[in-house]
Amino acid sequence: MAEIPKSYDPQGVEQRWYDLWVSSGCFKGVVDPSRESFAVMIPPPNVTGVLHMGHLLNNTLQDIMVRRARQEGKSALWLPGTDHAGIATQSRVEKELKQKEGRSRHDLGREKFLVRASEWRDRHGGIILSQLRKLGASCDWDRTVHTLDAGYSEAVLQAFVTLYERGYVYRGKRMVNWCPVSQTGLSDEEVVMKPSKGQLFRMRYEVADEPGTWLEISTTRPETIPGDTAVAVHPDDERYRRLIGKYVWRPFPRARIPIVGDTAVDREFGTGVLKVTPAHDRTDFEIGRRHSLPVLDVMNPDGTMSPDAGPLAGMERFKARIAAAKLLEELGCLVKTEPYENTVGFSERADVPIEPRLSEQWFIRYPKIEEAKRAVTSGIIRFHPERWTKTYLHWLDNIQDWCVSRQLWWGHRIPVWYRKGADRNDPANRHVSLTAPSDPAGWEQDPDVLDTWASSWLWCLATIGWRKPGVTTPELAHWYPTGALATGPDIIFLWVARMIIAGLELHGPERKNLTDDEIRARVPFHRVYFNGIIRDKLGRKMSKSLGNSPEPLDLIAKFGADGLRFGLLSIAPKGQDILFDEDRVAQGRNFCNKLWNAARFRQMSGPMANNSDLGAVISRLVPASLDDDDFAILHGLAELTDSTNRNLADHEFTAYAQGLYSFFWGDFCDWYVEASKSRLADPALRDSCLAVQDLVLRQFLLMLHPVAPFISEELWHLLGYGGTEDFIQRHHTGTGGELLKALRVHGIKPAASKVTAVASLREFVASVRALKSQAGQATRRDAVVSVQAKDGAARASLESARDKVCRLAGLSAVEFTDDLGGRPGAVTPLGTVSLDVGSNVDIAAERTRIGKELEKLEKAVSAGESKLSNEAFVSKAPAQILEGARRQLEESKARRDELARMLAALG
RNA sequence: GGUCGCGUAGCUCAGUUGGUUAGAGCGCUGCAUUCACAUUGCAGAAGUCACAGGUUCAAGUCCUGUCGCGACCA
């Protein structure tokens with residue numbers, strides 16, 4: 001075996017193993033019906049995207065699940081891919097086109113533009129997938145899918161056609177969210193509500209039939225005044241009821257518009273009078289419909305004012321707002337202007353306020369809403385943390401039809417052709433199919449494309465071969481439904497809920513209602529893990545403009561992929577936002593280094609022996625030469641095995657990482673290895689002791705592997721647990737019970753009582769160290785203590801562990817006495833211990849120290865006494881608790897008395 | 001306005017069916033470097049578990065209310 005360098009250097013190790021894993025086919029998903037399947041589909045990142053902190057965490061979690069599944073012998077698949085990201089990609093390509101050539105996509109034309117966009121994607125896209133390799137992501141790269149791939153596209157269009165045929169798709173003129181920058185409609189889910197500071201304009205309209213009578217109206221959007229076709233008041237509003245049916249003068253362009261009564265008016269808002277602009281507001285549109293008002297569109301698709309806007313025509317919408325206010329003032333219609341804050345919908349992609357706009361769009365009425373709810377409420381799909389269930393159900397309860405058409409070119413073109421010159425809203429004039437009509441000359445295809453989410457909602461299906469309902473593939477049959485989905489709660493509606501709906505409706509033949517068994521077979525996954533959003537140290541969202549987002553690849557280079565993964569995991573409270581702190585990642589790096597050095601110590605402590613499998617290692621243990629520490633660490637190892645199994649199964653990733661950390665660092669390195677040093681010096685005991693280390697390291701590496709794949713693989717081979725090509729992913733720890741059984745068969749029974757004995761000894765050593773530290777003797781190795789042992793057993797225990805204690809506490813001798821007299825010391829579970837400091841006792845300091853501890857114990861004693869003198873407690877508390885309380889009180893009393901005696905003796 | 005979450009050491013957070021003296025990491029203070037590891041070790045200081053009620057023999061944990069913070073939906 002090669003000598004292990006002094007500190008862990010991840011760089012070379014990571015690259016070497018990653019290449020070997022890939023070339024050996026470690027990540028390949030193999031359809032093997034004889035094994036349980038476990039698939040994870042990566043949440044497809046935008047093809048234009050680069051790796052950010054959120055991806056690191058999200059993909060680490062997926063990698064953990066998949067690597068774990070491989071260790072468990074499942075036929076695992078982690079399928080990678082990217083999303084074409086309609087708006088994002090198209091606007092970037094358009095921007096580049098504009099900058100480099102000063103041309104727009106219209107100058108280029110659809111065909112050429114799409115070629116450009118594809119080239120752009122091939123050149124810049126998919127960076128993120130290569131970056132994921134640096135993280136150690138064990139994706140089956142041969143199966144990488146892009147949403148615009150031919151097969152995937154076929155699935156997307158087929159889904160649309162199928163839903164059309166089943167009556168869930170319709171076309172209509174509706175109010176949609178319009179993004180003036182991208183110039184496309186958006187779904188409600190792509191609109192982000194933001195509080196915005198603006199102004200509230202209070203203006204007055206003169207009642208036409210009663211000159212001199214004015215109605216005061218409040219608005220935040222005076223630029224839409226030219227589109228007003230009425231004003232509305234609440235029909236029960238005493239102030240205005242008599243005016244309903246009369247007319248007011250719209251100030252510009254001046255026109256008589258009616259006053260209508262409508263219950264949608266909020267009497268409390270402003271003056272209780274509403275200007276009604278049916279073309280530019282959802283509520284107003286509804287009011288307009290109820291009162292048959294004309295719809296006057298005063299805005300162009302690009303956000304400038306249309307010719308119908310009269311004096312505002314041609315202006316940009318926000319300039320028009322200022323101009324409108326000025327105009328009102330000139331006309332004497334402006335009463336006052338006040339600062340106002342309200343929430344405004346912004347386009348998620350372009351980050352500009354959206355305009356409610358009337359346009360022809362395609363909509364999907366969601367199928368299987370009932371089943372989608374039942375899938376989660378019945379536990380067929382489980383959310384972690386569970387509380388997101390409510391959010392999910394609330395959305396389904398208030399679900400709105402989905403506007404799926406986008407006025408873009410980059411995407412899946414809507415598979416609908418219209419008969420030229422005919423009424424498009426008459427289904428007879430439509431051809432809805434994956435293929436063009438047989439007489440193309442008479443038809444024209446819908447120019448729009450589908451919402452990107454209308455392709456990614458098929459992700460779990462179409463990535464493994466779904467092309468139409470009822471037709472399956474070996475991959476689909478094997479891996480669908482997938483094992484788990486890991487994603488952020490921010491896309492619970494955009495993606496998670498829609499995938500569930502898509503699976504329920506499209507995976508299988510058409511059914512009106514589904515049974516629970518059918519739901520179970522059709523859902524895309526059985527578990528969803530929602531990871532938190534990563535924020536900076538101050539709780540702000542990571543963003544490029546704030547410059548508070550560290551470069552992931554730099555972090556990997558600096559701390560190692562394993563360190564980063566471990567660090568991220570240990571700070572990721574489930575479902576809660578995560579405040580990123582580089583110090584935590586450093587902690588992960590440190591942990592890897594600690595592990596590295598523990599392995600290094602093992603190597604330096606003696607020759608390597610047969611580590612080829614668990615049985616070989618166990619057979620090297622010599623039961624007769626094991627001591628309490630061996631039993632305790634083996635017992636702890638078995639417990640860690642069980643808690644690791646449990647935590648991973650429950651998606652308790654933080655607890656998983658913390659369990660590994662405290663066992664390895666606290667129990668194994670700080671105690672076991674240190675304690676075993678004296679035995680390692682004894683040739684008679686050495687080999688068995690090394691075998692224990694080999695056993696612990698082996699099992700520990702197996703448990704660590706999902707979160708720290710590189711270092712675990714490296715050490716797995718360096719320490720001889722697996723030969724060439726015998727990767728750690730092929731092995732598993734089994735359960736703690738199985739480990740204990742294997743030990744028992746070999747004549748070793750790690751009992752819990754040994755753990756208690758070791759704990760007492762650890763406490764004793766800690767007390768001695770504290771006494772030495774207190775006395776300024778911390779560095780001395782020749783200190784001497786006197787012990788008044790609690791009883792014979794305690795004395796025997798200390799005597800048998802004398803070497804160990806001397807080494808760990810830095811003592812040259814432990815002397816036993818029946819009476820410590822008045823010497824100051826510390827009370828431990830094994831007895832009272834006093835440091836021999838000659839005549840240099842700092843009486844005052846000792847008095848303070850002991851006094852303080854005494855005070856604590858007094859409190860504990862009185863609390864215990866009052867508890868035990870409480871009749872109700874004694875009669876009602878379970879025996880175990882009662883017994884515990886009694887024992888604790890006795891211990892507290894004994895310690896208190898001992899300390900009191902000591903204090904008294906100090907004078 | 002509605003829903004959900006959070007409030008525990010200076011900071012970030014654990015604390016999973018209520019049960020012994022509430023833990024960790026970081027930070028801070030002191031000590032240690034021919035010892036596997038200074039990416040280290042040892043020790044120490046530091047908490048009215050937001051507040052107020054209630055249920056219970058027993059509450060950080062359950063219930064109600066209040067305050068503060070955050071997210072999502074209107």
Side-chain angles (χ1 to χ4, degrees), chain A residues 4 6-9 188-189 192-193 343 385 387-391 393-395 397-398 489-490 492-493 532-533 535 537 539 559-560 563 567 570-584 586-605 646-647 650 652 654-655 657-659 661-662 665-666 669-670 673-674 677 765-774 776-781 807-810 849 852 856-857 859-861 863-864 867-868 870-878 880-889 891-892 895:
Chain A
I4 304 183
K6 189 168 172 176
S7 68
Y8 176 55
D9 174 23
D188 294 345
E189 286 71 26
V192 191
M193 301 306 285
T343 48
R387 63 190 158 82
W388 293 109
T389 304
K390 269 214 160 171
T391 309
L393 293 174
H394 182 257
W395 183 73
D397 282 334
N398 297 282
D490 48 333
I492 191 165
F493 312 135
I533 311 285
R535 296 169 175 280
K537 226 174 171 175
F559 298 107
S570 61
I571 59 171
K574 65 172 177 180
Q576 222 68 311
D577 283 358
I578 297 138
L579 302 191
F580 181 76
D581 184 348
E582 202 171 279
D583 290 349
R584 297 310 207 93
Q587 203 177 310
R589 185 238 357 230
N590 295 354
F591 184 64
C592 290
N593 194 57
K594 188 73 178 175
L595 170 62
W596 187 258
N597 274 287
R600 189 160 166 260
F601 176 75
R602 161 64 190 90
Q603 186 205 33
M604 294 165 73
S605 300
R646 202 170 49 242
N647 286 327
D650 294 346
E652 295 280 359
T654 306
Q658 282 168 353
Y661 188 96
S662 67
W665 204 312
C669 292
D670 288 347
V673 171
E674 291 305 322
K677 280 179 178 171
V765 168
S767 293
V768 174
R769 284 164 169 171
L771 285 174
K772 286 179 67 187
S773 189
Q774 183 90 8
Q777 290 191 4
T779 57
R780 288 176 59 177
R781 296 268 167 252
R807 182 179 190 96
L808 290 167
R849 177 178 66 83
K852 210 167 173 185
K856 259 195 211 163
L857 282 164
K859 268 187 200 160
V861 168
K867 193 190 248 182
L868 282 163
N870 182 346
E871 183 103 9
F873 174 71
V874 176
S875 60
K876 290 189 179 174
Q880 206 186 338
I881 298 298
L882 197 56
E883 178 53 33
R886 285 204 173 111
R887 200 173 50 235
Q888 193 203 334
L889 179 60
E891 278 168 20
S892 297
R895 282 177 76 119

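Heavy-atom basis, side chains included; hydrogens, waters and symmetry copies ignored. Only a predicted model underlies this, so the values are computations on that prediction, with no experimental measurement involved. Just so we're on the same page: letters track the sequence lines, and every chain starts at 1.
Side-chain proximity of A:F873 to the nucleotides B:G19, B:C37, B:U20 is greatest for B:G19. You'll find that the side chain of A:W665 is closest to B:G41, out of B:U21, B:G41, B:C72. The A:E652 side chain lies nearest to B:U16 when the options are B:U16, B:A43, B:A38. Nearest nucleotide to the A:A872 side chain, out of B:A43, B:U39, B:C57: B:C57.
Atom CD in A:Q658 sits about 13 Å away from atom P in B:U16, given to the nearest Å. Computed from coordinates, the A:K6 NZ to B:U34 P distance equals 12 Å when rounded to whole Å. For A:D583 and B:C11, the CG to C1' distance is 10 Å, given to the nearest whole Å. One can place CZ of A:R781 at 15 Å from P of B:G41, the figure rounded to the nearest angstrom. Remark: C1' of B:C42 and NZ of A:K677 are 13 Å apart, rounded to the nearest angstrom. A straight line from CD of A:E871 to P of B:C57 spans 13 Å, rounded to a whole angstrom. Nucleotide B:G25 holds its P atom 6 Å from the OH atom of A:Y661, rounded to whole Å. Put simply, CZ on A:R600 is 12 Å from C1' on B:C35, counting in whole angstrom units.
Nucleotides B:G10 and B:G54 are separated by 29 Å at their P atoms, to the nearest Å. Annotation: B:C67 and B:A52 have their P atoms spaced 15 Å apart (nearest Å). Here, B:A36 and B:G18 have their P atoms 48 Å apart, quoted to the whole Å. Annotation: B:G1 and B:C62 have their P atoms spaced 27 Å apart (nearest Å). Comparing the same atom, P, in B:G65 and in B:G70 gives a spacing of 22 Å after rounding to whole Å. With both ends at atom C1', the span from B:A14 to B:U8 equals 10 Å, rounded to whole Å. Going from the C1' atom of B:A9 to that of B:G25 covers 12 Å, rounded to whole Å. Nucleotides B:C51 and B:G68 have their P atoms positioned 16 Å apart, rounded to a whole Å.
Among the protein residues, A:R584 comes within range of the nucleic acid bases, having at least one heavy atom under 4.0 Å from a base atom. Contact annotation for A:C669: base contact, defined as any heavy-atom pair under 4.0 Å involving a base atom. Backbone-only engagement by A:A770 is indicated by non-hydrogen atom pairs under 4.0 Å involving sugar-phosphate atoms exclusively. Within 4.0 Å of A:N398, counting heavy atoms only, lies no atom of the nucleic acid at all. Contact annotation for A:D581: no contact, since no heavy-atom pair falls under 4.0 Å across all strands.
For the OP1/OP2 pair of B:U40 and a distance below 4.0 Å, the side-chain nitrogens and oxygens of A:N590 include at least one atom meeting the criterion. Contact annotation: A:K390 side-chain N/O to B:U3 OP1/OP2 distance is not under 4.0 Å. In this model, the phosphate group of B:A43 is approached by a side-chain N or O of A:R769 to a distance below 4.0 Å at OP1 or OP2.
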**Report entry** side-chain contact (heavy atoms from CB on, under 4.5 Å) between A:K390 and A:H394, intermediate numbers included
**Finding:** CA-CA 6 Å; A:K390 269 214 160 171; A:H394 182 257; over 6 Å; no

Requested in this report: Let me see the working for A:I881 and A:F873 under side-chain contact (heavy atoms from CB on, under 4.5 Å), right down to the final yes or no.
Outcome: CA-CA 10 Å; A:I881 298 298; A:F873 174 71; 4.1 Å; yes

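One can find a donor-acceptor pair under 3.5 Å joining the base of B:A36 and the side-chain atoms of A:E674. Not a single donor-acceptor contact under 3.5 angstrom links the side-chain atoms of A:K852 to the base of B:A45. At a cut-off of 3.5 angstrom, the base of B:C37 holds at least one donor-acceptor pair with the side chain of A:K594.
A:F601 carries A:K677 over the face of its six-membered ring, with the cationic atom under 6.0 Å from the centre and within 45° of the normal.
Toward the 5′ end of RNA chain B lies the nearest nucleotide of A:A766, the other residue of the pair A:V874 and A:A766 mapping further downstream. Nearest-nucleotide positions on RNA chain B for A:R887 and A:A586 put A:R887 closer to the 5' end.
Closest approach of A:I492 and A:W388 over heavy atoms only: CD1-O, 3.8 Å. Residues A:V861 and A:L889 come closest through the heavy atom pair O-CD1, 3.5 Å. When every heavy atom of A:W596 is checked against every heavy atom of A:K6, the shortest pair comes out as CD1-O, 4.2 Å.
Judged purely by atom type and a 3.5 angstrom limit, A:S773 has no side-chain atom pairing as donor or acceptor with the backbone of A:R769. Within the 3.5 Å criterion, the main-chain N or O of A:S7 finds no donor-acceptor partner in the side chain of A:N597.
Between A:F493 and A:W395, the ring planes are parallel. Angles under 30° get that label, and only those over 60° would be called perpendicular.
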Query raised in the report: Just the dot-bracket of RNA chain B, please: which string comes out with Watson-Crick or G-U pairs under 3.5 Å, [ ] for crossing, | for another strand?
Result: ((((((((.[[[[.)...(...]]]].(((((.......))))).....[[[[[..)....]]]]]))))))).

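With sequence neighbours excluded, the residues that form a side-chain hydrogen bond (donor to acceptor under 3.5 Å, both in side chains) with A:R849 are A:E846.
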